[in-house]
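Counting begins at 1 with the first residue of the sequence. Here the structure is a predicted model, which is why all the values come from computation and not from measurement. Order of listing sets the numbers, starting from 1, for every ligand and every atom in it.
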Amino acid sequence: MEEPQTTSPHVLLFPVPAQGHINVMLKFAELLSLSSIRVTFLTTEHSYRQLTLHSDVLPRFSLFPSFQFRTISDGLPLSHPRIFAHHLTEMLHSFVSVTKPLFRDMLLSPHFSSDLTCLILDGFFSYLLDIDDDFVKVPTFCFRTSGACSTWTILSIPNLIKQGQLPIKGEDDMDRILDNVPGMENLLRCRDLPGFCRATDPNNDPILQFIMSTFIRSTKFSALIMNTFEDLEGPILSNIRTLCPNLYSIGPLHALLKTKLTHETESLNNLWEVDRSCLTWLGNQAAGSVIYVSFGSITVMGNRELMEFWHGLVNSGRSFLWVIRPDLLKGENGEIEIPAELEEGTKQRGYMVGWTPQEKVLCHEAVGGFLTHSGWNSTLESIVAGKPMICWPYGFDQLVNSRFVSNVWNLGLDMKDLCDRETVAKMVNDVMVNRKEEFVRSATEIANLARQSVNPGGSSYANFDRLIEDIKILSRQKIPVLVNN
Ligand SMILES: O=c1ccn([C@@H]2O[C@H](COP(=O)(O)OP(=O)(O)O[C@H]3O[C@H](CO)[C@@H](O)[C@H](O)[C@H]3O)[C@@H](O)[C@H]2O)c(=O)[nH]1
């Protein structure tokens with residue numbers, strides 16, 4: 001029997017306001033709502049506006065009467081472009097000075113202080129709570145939107161610094177193997193570490209220190225929820241459990257949601273307008289013939305990189321579907337002159353759009369491979385669709401993910417730190433033709449494991465049920481939000 005609504009647990013979710021975080025945490029919110037948990041989804045005014053403008057979240061979530069959106073200011077004017085690649089430091093300062101106190105006041109307001117069962121905070125937002133001085137006490141779970149491989153790498157950085165393995169000593173040092181990351185022996189090279197590890201003075205680099213401290217802080221929360229699965233990252237998850245034993249691996253979350261939903265829906269949570277014409281174009285292409293190209297929601301590139309990719313794709317002779325987001329280009333001065341051979345090659349075999357329904361595109365039978373920036377959501381979506389990858393990581397966790405895609409899971413090739421037309425054309429042909437059989441074999445095996453994990457009897461399915469049970473137990477304990485003065 002359904003629990004009466006007044007006693008059902010109430011959970012507050014707060015993701016970082018970026019596509020790769022909001023998308024997955026809304027899917028998580030949908031899963032919680034399907035399990036009779038009351039959800040308040042907190043997001044910034046700007047993201048809420050984009051979401052409601054370009055996706056069907058309002059009608060979709062209206063099916064859950066106890067679900068509500070709440071908004072909070074990020075301290076920037078609504079007209080601010082908020083491009084992470086350009087404005088990260090400004091945005092971080094604004095979150096700390098404006099959002100943090102507003103968030104604290106919100107937690108202490110009567111609506112939340114006596115009714116909230118637990119807070120599920122994006123791992124990158126761990127600095128919004130002062131856990132160390134116990135100012136606000138509420139059972140808090142950390143939701144990590146990136147994979148275990150990159151999480152464990154970042155948690156290992158303090159040791160790498162202590163052992164003198166960091167800083168990286170220049171370009172000649174990039175291929176040195178880091179032999180002291182437990183569970184990743186003989187695997188990671190200096191160039192595979194997240195971009196901020198390239199700092200010359202790690203002990204005094206503000207970005208590196210800030211990111212390390214948010215990761216370490218989030219292991220001190222009551223629990224860690226991760227969008228991954230045991231068959232993919234089991235040994236690494238065991239290492240993370242040494243720091244945070246209460247860990248729920250519940251991914252791939254988009255696939256778990258498909259299992260739990262009784263009706264067919266796309267669950268699109270996009271901040272950009274989707275162009276569906278690409279599905280019609282794909283419908284006219286031969287099975288496995290198209291390389292899908294997308295660099296996620298944050299990557300930016302210069303004119304030179306754009307032209308190298310474009311030439312490489314055209315020269316490969318393969319068909320391509322390429323997402324060119326409105327803000328993909330760095331905004332360098334000067335018009336780009338498009339050579340006639342690119343125009344002609346694109347007319348014959350290419351299609352470009354501003355934003356796609358990516359999960360659907362990846363599952364389309366015409367798509368044979370994915371040229372990706374290796375964001376964690378894209379990686380998992382490609383894994384579930386059973387599609388091999390060419391990885392061109394841009395930064396953050398992507399540099400670790402791409403190493404795992406190529407050297408651990410054998411799902412494709414890593415193009416890290418390279419951007420020339422010859423490499424692009426060669427890798428496209430290697431993944432789509434020359435080494436296709438090998439990569440498709442591994443991709444099919446891992447896709448099957450991913451599907452098993454989210455079906456009844458699978459590890460993620462069971463872990464999600466355990467999480468729901470634990471939230472219900474917390475709710476019966478009725479721990480109020482406390483302020484320690
Ligand atoms: O045309 C497109 C392109 C992308 N997507 C979706 O957008 C999301 C993109 O997420 P992700 O692949 O994770 O990339 P980013 O947007 O770059 O995500 C940020 O957040 C991720 C999760 O923490 C990190 O792994 C990345 O490094 C970080 O850049 C995915 O769900 C895609 O399906 C679309 O729907 N249509």
Side-chain angles (χ1 to χ4, degrees), residues 15-28 47 50-51 54-57 82-85 88 122-125 142-151 153-154 194-196 211 214-215 218 225-228 251-255 257 266-279 282 292-301 321-328 351-364 367 370-385 387 389 391-402 404-405 416:
V16 165
Q19 180 72 72
H21 294 243
I22 289 185
N23 185 15
V24 67
M25 280 183 79
L26 268 171
K27 287 184 194 250
F28 181 53
S47 305
Q50 297 303 105
L51 252 182
H54 299 305
S55 76
D56 65 345
V57 285
R82 294 168 173 80
I83 297 174
F84 276 82
L88 185 62
D122 191 310
F124 270 111
F125 267 167
C142 164
F143 189 105
R144 259 252 160 259
T145 55
S146 43
C149 53
S150 60
T151 301
T153 303
I154 294 171
F196 44 80
I211 292 178
T214 66
F215 271 71
S218 63
I225 302 167
M226 298 202 65
N227 185 18
T228 187
L253 231 137
H254 69 288
L257 180 59
E266 277 190 280
S267 292
L268 289 181
N269 304 313
N270 33 280
L271 304 175
W272 280 275
E273 191 175 345
V274 169
D275 184 341
R276 290 181 174 277
S277 65
C278 58
L279 295 173
L282 280 175
Y292 171 57
V293 187
S294 163
F295 301 112
S297 66
I298 290 177
T299 306
V300 290
M301 59 173 63
L321 167 61
W322 189 357
V323 179
I324 309 268
R325 269 188 358 256
D327 58 358
L328 177 71
Y351 199 72
M352 292 172 172
V353 286
W355 194 253
T356 65
Q358 182 166 299
E359 280 177 44
K360 209 164 192 153
V361 164
L362 281 169
C363 290
H364 199 288
V367 172
F370 184 15
L371 171 48
T372 170
H373 71 311
S374 298
W376 188 243
N377 296 293
S378 295
T379 304
L380 285 180
E381 288 159 14
S382 198
I383 283 178
V384 170
K387 301 292 159 80
M389 288 170 254
C391 305
W392 189 68
Y394 168 74
F396 321 111
D397 57 325
Q398 302 151 21
L399 285 88
V400 183
N401 301 341
S402 59
F404 271 70
V405 165
K416 178 177 294 140

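Using a 4.0 Å cut-off to heavy atoms of Asp397, the atoms of ligand 1 that qualify are 24 (C), 25 (O), 26 (C), 27 (O). Of all the atoms in ligand 1, the ones that sit under 4.0 Å from a non-hydrogen atom of Ser378 are 11 (P), 12 (O). Heavy-atom proximity to Gly375, at under 4.0 Å, picks out these atoms of ligand 1: 11 (P), 12 (O), 13 (O), 14 (O), 25 (O), 26 (C). Atoms of ligand 1 found under 4.0 Å from any heavy atom of Ser297 (numbered from 1 in listed order, with element): 15 (P), 16 (O), 17 (O). Under a 4.0 Å criterion applied to the non-hydrogen atoms of Trp376, ligand 1 contributes the atoms 13 (O), 24 (C), 25 (O).
For atom 18 (O) of ligand 1, the closest non-hydrogen atom on the protein side is Gly20 CA, 3.7 Å. Annotation: atom 23 (O) of ligand 1 to nearest protein heavy atom, Thr145 OG1, 2.7 Å. Distance from atom 19 (C) of ligand 1 to its nearest protein heavy atom, with residue and atom name: Ile298 CD1, 4.0 Å. At the shortest separation from atom 5 (N) of ligand 1 among protein heavy atoms lies Trp355 CZ2, 3.2 Å. In terms of protein heavy-atom proximity, atom 29 (O) of ligand 1 is nearest to Gln398 NE2, 3.2 Å.
When the heavy-atom distances from atom 11 (P) of ligand 1 to Val353, Leu321, Ile324, Asn377 are ranked, the shortest goes to Asn377. The option from His373, Lys360, Gln19 that lies nearest to atom 15 (P) of ligand 1, judged by heavy atoms, is His373. The residue among Glu381, Lys27, Arg325 with a heavy atom at the shortest distance from atom 31 (O) of ligand 1 is Glu381.
In terms of heavy atoms, Gly375 sits closest to Asn401 at C-ND2, 4.2 Å. When all heavy atoms of Leu268 and Asp56 are compared, the pair lying nearest together is O-OD1, 3.5 Å. Counting all heavy atoms, side chain and backbone alike, Lys387 lies closest to Val367 at NZ-O, 3.0 Å.
Contact annotation for Val323 and ligand 1: only side-chain heavy atoms (C-beta onward) come within less than 4.0 Å of the ligand. Proximity of Thr356 to ligand 1, defined as any heavy-atom pair under 4.0 Å, is shared by backbone and side chain alike. Only the side chain of His21 comes within 4.0 Å of ligand 1, judged by heavy-atom distances.
Between the side chain of Lys416 and the backbone N or O of Ser402 there is no donor-acceptor pair closer than 3.5 Å.
Ser150 is not listed as a side-chain neighbour of Trp376, based on a closest heavy-atom distance of 4.5 Å or more. Residues Leu321 and Val353 meet the side-chain proximity criterion, which asks for heavy atoms closer than 4.5 Å. Using a 4.5 Å heavy-atom threshold, the side chains of His373 and Phe396 count as separate.
Residue contacts with ligand 1: Ser294 is placed with no nitrogen or oxygen under 3.5 Å of a nitrogen or oxygen of the ligand (distance criterion only).
Residue contacts with ligand 1 include Asn23, since one of its heavy atoms falls under 4.0 Å from the ligand.
Between Phe295 and Trp392, the ring planes lie perpendicular to each other; the angle is over 60°, past the 30° to 60° tilted range. Aromatic ring pairs are classed by plane angle as parallel below 30°, tilted from 30° to 60° and perpendicular above 60°; the pair Phe124 and Phe215 is perpendicular.
Here the OG1 atom belonging to Thr145 is positioned 11.0 Å from the CG atom belonging to Leu253, to the nearest 0.5 angstrom.
Using a 3.5 Å distance cut-off with no hydrogens or angles, the side chains of Tyr292 and Ser382 do not pair a donor with an acceptor.
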